[in-house]
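Each remark here refers to the structure printed beneath this line.
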Protein chains: 2
Amino acid sequence: MGEKTCRWGILSTAEIAKKNWASIANSGNGRVVAVASRSVEKAQKFISACQASVPVAHSVDAVGSYEELLSRSDIDAVYVPLPTGIRTEWVVKAAQTGKHVMVEKPCGVTTADVQAMVDACNASKVQFMDGVMFMHSARMDAMRAVLDDGKSVGDIRRIASQFSFCADQSWVESNIRASSQLEPAGCLGDLGWYTIRIILFAMKYEMPVEVRGRILNGVKRADSSDVVPMEFQGEMHFANGVSATFFNSFRTNHQQWAHISGSKGYLAVNDFVLPYYGNEVSFDVGNHNFSADGCYFTMEKFLKTQQVREYSNNAKNAQETALFRNFSELVNTGNRDNFWPEVALKTQRILDAALKSANSGGGAIAP
Amino acid sequence: MGEKTCRWGILSTAEIAKKNWASIANSGNGRVVAVASRSVEKAQKFISACQASVPVAHSVDAVGSYEELLSRSDIDAVYVPLPTGIRTEWVVKAAQTGKHVMVEKPCGVTTADVQAMVDACNASKVQFMDGVMFMHSARMDAMRAVLDDGKSVGDIRRIASQFSFCADQSWVESNIRASSQLEPAGCLGDLGWYTIRIILFAMKYEMPVEVRGRILNGVKRADSSDVVPMEFQGEMHFANGVSATFFNSFRTNHQQWAHISGSKGYLAVNDFVLPYYGNEVSFDVGNHNFSADGCYFTMEKFLKTQQVREYSNNAKNAQETALFRNFSELVNTGNRDNFWPEVALKTQRILDAALKSANSGGGAIAP
């Protein structure tokens with residue numbers, strides 16, 4: 001790890017940025033220099049709330065506009081949790097001022113948005129990465145090893161995933177995730193981004209040849225022009241015959257599972273997005289066996305839980321801390337990793353295809 | 001329970017009939033009188049194998065033809081695990097001779113088959129029932145109570161289910177389940193019957209308004225005229241917006257799970273068809289909670305395993321024993337329960353719709 005410290009700016013005071021204030025504080029190789037909002041007061045209020053929850057020893061500047069933050073020369077990287085509908089503009093501007101950029105998901109409204117962000121980052125030779133925390137968990141390496149060992153799962157046949165939470169009506173009416181201007185992909189953008197990503201992970205980032213989607217439930221707020229998906233199902237089909245199904249919902253209680261089935265067994269993870277509170281993260285591997293002997297037909301259970309020593313959240317080794325540490329490491333060492341813009345683009349292409357399918361009768365779309 | 005004993009005949013010597021030899025032996029209110037095959041030798045071989053595994057004190061007759069067994073007056077009920085493609089003829093004949101009938105699944109090749117069976121049973125005032133063991137587990141009552149309590153799951157939103165096992169190539173080439181003449185629905189008939197049924201159970205046997213299906217993998221044996229599904233995905237959509245997805249495969253290792261998600265939580269059962277070996281059967285209820293406090297975003301796990309005191313198999317209280325005990329009880333008391341033919345017809349209608357959809361581009365079919 002480099003000895004330098006990545007100097008962070010945070011663009012917007014979204015709730016998720018509070019968590020990532022702590023991520024940066026715990027990272028060991030970065031610190032927040034400034035937070036920008038549309039007013040100094042809002043930025044200061046955010047900083048005060050964060051200092052009260054996870055205090056840092058240094059001062060953090062409250063900045064009254066995004067432009068002002070981007071114009072500063074004492075900032076290396078920006079974290080951009082702005083609403084998706086207005087994010088592209090600011091990510092491109094950030095890249096143009098030479099800032100490395102970490103963006104919240106869904107990266108853009110469309111693939112063209114993400115391509116514009118990535119192009120701007122490439123032009124300025126800065127890193128682009130989406131803020132998908134679970135990608136940086138040590139659990140992913142352990143899952144990769146199991147998927148690749150040839151005996152735990154064998155040849156992958158089917159992947160199923162669900163990420164949902166249940167919002168009340170007031171949330172729907174107030175939260176940006178139900179606004180067609182700010183978050184037009186609704187639950188597909190907010191939750192589907194993760195289910196698509198875990199499927200891509202299982203498939204070693206191979207792109208599907210066919211994507212389908214269906215809006216199972218949508219809302220149209222009085223202040224929004226279009227229906228926003230509140231509940232969505234999607235499917236992905238790969239060239240080798242593997243199929244995947246995913247479900248996202250703002251109307252179904254907390255669930256965040258992925259089930260990767262193969263010729264020899266399966267891998268099941270029940271909390272792949274935000275791990276259950278605790279000092280370890282885990283997943284299960286099942287290799288059940290059917291045995292028939294005369295009149296005795298028996299299903300033999302063979303289920304193994306594999307643990308990884310990693311705190312669920314708010315710790316030096318938690319996945320969100322690793323996300324910011326890994327990003328800061330790239331910045332501090334002057335390296336760039338093209339994997340991250342590529343995987344963000346792939347995810348967005350699949351998301352776009354799923355939404356396009358949903359809005360055109362559910363037919364097959366090549367992403 | 002009546003004091004009479006239901007006198008059973010078994011039509012065919014399918015492997016599954018060995019298990020049900022034990023079911024009848026354990027039931028306490030029935031006994032096997034005769035087993036018919038296409039030769040006395042085959043029938044006797046089956047009886048000897050069963051007697052060696054689960055001996056019964058009385059003698060059991062080996063009969064050399066199905067007609068001969070049906071013509072006997074000392075048989076009240078027949079269990080018919082014949083291949084689906086030839087089952088209708090024998091079920092109708094059995095009903096016409098006044099025998100109560102329990103049939104293996106899928107009940108028929110088409111709904112018309114099942115309707116013919118049910119009509120014949122109604123005409124002769126005999127009971128019709130499919131041999132879905134899990135329907136008779138005490139676990140179903142416990143699951144029903146959880147689904148109905150209003151707080152564990154709340155309003156159902158989504159149901160996902162998978163039933164699969166992995167067959168080797170020699171199995172595909174020899175087993176009737178890959179024969180388009182004998183089992184034209186392949187894995188959809190053999191495994192989908194169960195996933196459709198558990199979804200119907202969750203929905204209190206409400207019929208979906210829309211069904212879709214897709215053959216993900218099929219085989220065409222040299223001796224078969226059509227492609228038989230080896231891997232299948234289906235979906236069911238209900239009038240109240242609930243959606244369900246199911247997956248069946250002969251190419252994916254043993255799995256038999258159902259996941260019923262609602263507004264307040266979920267019910268997950270990992271072995272709903274053939275419970276894992278043991279002296280209890282169980283399912284899980286999850287009501288996880290997301291908590292945000294300053295920079296701390298925490299996923300609180302609340303997972304409860306509910307156990308039911310019931311042996312997995314080959315016991316007096318096992319589900320397959322309950323299946324035959326419940327059927328024998330109807331026969332012994334002279335009662336008929338119309339629920340069973342109705343639920344078999346519903347299941348077959350959905351199966352037919354899923355296959356029709358799959359064979360016509362995946363479009364929506366009203367079952």
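Just so we're on the same page: letters track the sequence lines, and every chain starts at 1.
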Counting heavy-atom pairs under 4.5 Å to chain A, which of [options] comes out on top?
options                               : answer
B/Glu300, B/His237, B/Gln162          : B/His237
B/Ala52, B/Ser263, B/Cys166, B/Gly154 : B/Ser263
B/Ala25, B/Gly265, B/Ser249           : B/Gly265
B/His259, B/Glu231, B/Lys18           : B/His259
B/Tyr277, B/Trp21, B/Phe165, B/Tyr266 : B/Tyr266

[X] versus chain A, heavy atoms under 4.5 Å apart: side chain, backbone, both or neither?
X        : result
B/Gln256 : side chain
B/Asn313 : side chain
B/Thr245 : side chain

State, with a plain yes or no, whether a side-chain heavy atom of B/Phe247 is found less than 4.5 Å away from one of A/Ser243.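 Touching, per the 4.5 Å side-chain cut-off.
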Is the shortest heavy-atom distance from the side chain of A/Glu320 to the side chain of B/Phe297 under 4.5 Å?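 No - every pair of side-chain heavy atoms lies 4.5 Å or more apart.
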Contact origin within [X] toward chain B - heavy atom pairs under 4.5 Å:
X        : result
A/Lys264 : backbone
A/Ser312 : neither
A/Asp293 : backbone
A/Ile16  : both

Search all heavy atoms of A/His254 against all heavy atoms of B/His288 and return the closest pair with its distance.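 Here A/His254 and B/His288 meet closest at CD2-O, 3.4 Å.
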Going through the checks in order, is the side-chain contact (heavy atoms from CB on, under 4.5 Å) test met by A/Asn217 and B/Arg157? CA-CA 10 Å; A/Asn217 183 274; B/Arg157 303 288 195 214; over 6 Å; no
For chain B, find which of [options] contributes the most heavy-atom pairs closer than 4.5 angstrom.
options                              : answer
A/Gly262, A/Ala22, A/Ala17, A/Gly363 : A/Gly262
A/Ser53, A/Gly294, A/Cys295          : A/Cys295
A/Thr252, A/Leu303, A/Asn253         : A/Asn253

Could you walk me through whether B/Glu235 and A/Arg212 pass salt bridge (Lys or Arg N to Asp or Glu O under 4.0 Å), step by step? CA-CA 13 Å; B/Glu235 54 186 273; A/Arg212 290 173 189 258; over 6 Å; no
Mind running side-chain hydrogen bond (donor to acceptor under 3.5 Å, both in side chains) on B/Gln255 and A/Ser261 for me, showing each step along the way? CA-CA 9 Å; B/Gln255 287 182 66; A/Ser261 304; 2.9 Å; yes
Fit a plane to each ring of A/Trp257 and B/Trp257, take the angle between them on a 0 to 90° scale, and name the class: parallel (under 30°), tilted (30 to 60°) or perpendicular (over 60°).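 Ring orientation of A/Trp257 relative to B/Trp257: perpendicular.
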Distance from A/Leu216 atom CG to B/Arg158 atom CZ, nearest 0.5 Å?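 So the gap between those two atoms works out to 6.0 Å.
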Interatomic spacing from CG in A/Asp271 to NZ in B/Lys301 - rounded to 0.5 Å: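 These two atoms lie 7.5 Å from each other.
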Please lay out, stage by stage, how A/Leu274 and B/Phe290 fare under the test side-chain contact (heavy atoms from CB on, under 4.5 Å). CA-CA 9 Å; A/Leu274 174 52; B/Phe290 176 71; 3.6 Å; yes
For A/Tyr311, does the OH atom have more than 12 heavy-atom neighbours from other residues, nucleotides or ligands under 6.0 Å away?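 No, because the 6.0 Å sphere around OH of A/Tyr311 holds 12 heavy atoms or fewer from other groups.
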